[in-house]
Asker: 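Got a structure for you, written out below as C-alpha cells; questions coming shortly.
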Amino acid sequence: MSNRRSRQSSSASRISDDQMIDLVSKLRQFLPEIHERRRSDKVSASKVLQETCNYIRKLHREVDNLSDRLSQLLDSVDEDSPEAVVIRSLLM
C-alpha cells in the first residue's frame, strides 16, 4: 500500500513538459547572456540551467565583494557618524 502511495505522490508532484518549457523560458529572461540573443536562437534547457547556475554564482561573488567593501568602508569612518549608521544598515 505504501509503495502505491509513493508512486501516486511522485507522479502528482512531477511537472508537465509544458510547465518545464514555461519555467525555462522564464529563467531565460533573467539571464543577461542568453536574454540578449535573438528569440529565434534555440538554447537548450540544460544550457539555460547551466547559465542560471553560473549567474547565481556570479551574483554571490558580487554580494561577497560588496560586503567586504562595505566592511572596509565602515572601518574607515567614525563609529558614531551618520555614514557608519547607513553602512551598518546595509550590512544587516
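In this chain, numbering begins with 1 at the start of the sequence shown.
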Asker: Might you point out which heavy atoms bring F30 and Y55 nearest each other, and give the distance in Å?
Answerer: O-CE2, 3.7 Å
Asker: Report the residue from D68, V86, I87, L90 that forms a side-chain contact (heavy atoms from CB on, under 4.5 Å) with L73.
Answerer: I87
Asker: Can you tell me how far the CG atom of L31 sits from the NZ atom of K47, to the nearest 0.5 Å?
Answerer: 10.0 Å
Asker: Any donor and acceptor pair, going by atom type alone, linking the side chain of S25 with main-chain N or O of I21 inside 3.5 Å?
Answerer: no
Asker: Can you tell me how far apart SG (C53) and NZ (K58) are? Round to the nearest 0.5 Å.
Answerer: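 One finds 15.0 Å between SG of C53 and NZ of K58.
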Asker: To the nearest 0.5 Å, tell me how far L27 CG sits from D22 CG.
Answerer: 10.0 Å
Asker: Any donor and acceptor pair, going by atom type alone, linking the side chain of R61 with main-chain N or O of I56 inside 3.5 Å?
Answerer: no
Asker: Are any non-hydrogen side-chain atoms of E51 and N54 less than 4.5 angstrom apart?
Answerer: yes
Asker: A quick test of your reading: do over 12 heavy atoms of other residues, nucleotides or ligands sit less than 6.0 Å from CZ of R88?
Answerer: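 For R88, atom CZ is crowded (more than 12 foreign heavy atoms under 6.0 Å).
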Asker: Are the side chains of V85 and D80 in touch, meaning some heavy atoms are under 4.5 Å apart?
Answerer: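 No, side chains not in contact.
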Asker: More than 12 non-hydrogen atoms from neighbouring residues, nucleotides or ligands closer than 6.0 Å to CD on Q19, yes or no?
Answerer: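 Result for CD/Q19: enclosed.
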Asker: Heavy-atom count check: over 12 atoms from other residues, nucleotides or ligands less than 6.0 Å from D78 CG?
Answerer: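 Counting neighbours around CG of D78, more than 12 heavy atoms of other residues, nucleotides or ligands fall under 6.0 Å, so yes.
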Asker: Is there a donor-acceptor contact under 3.5 Å from the side chain of S71 to the main chain of S67?
Answerer: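 Confirmed, S71 side chain pairs with S67 backbone.
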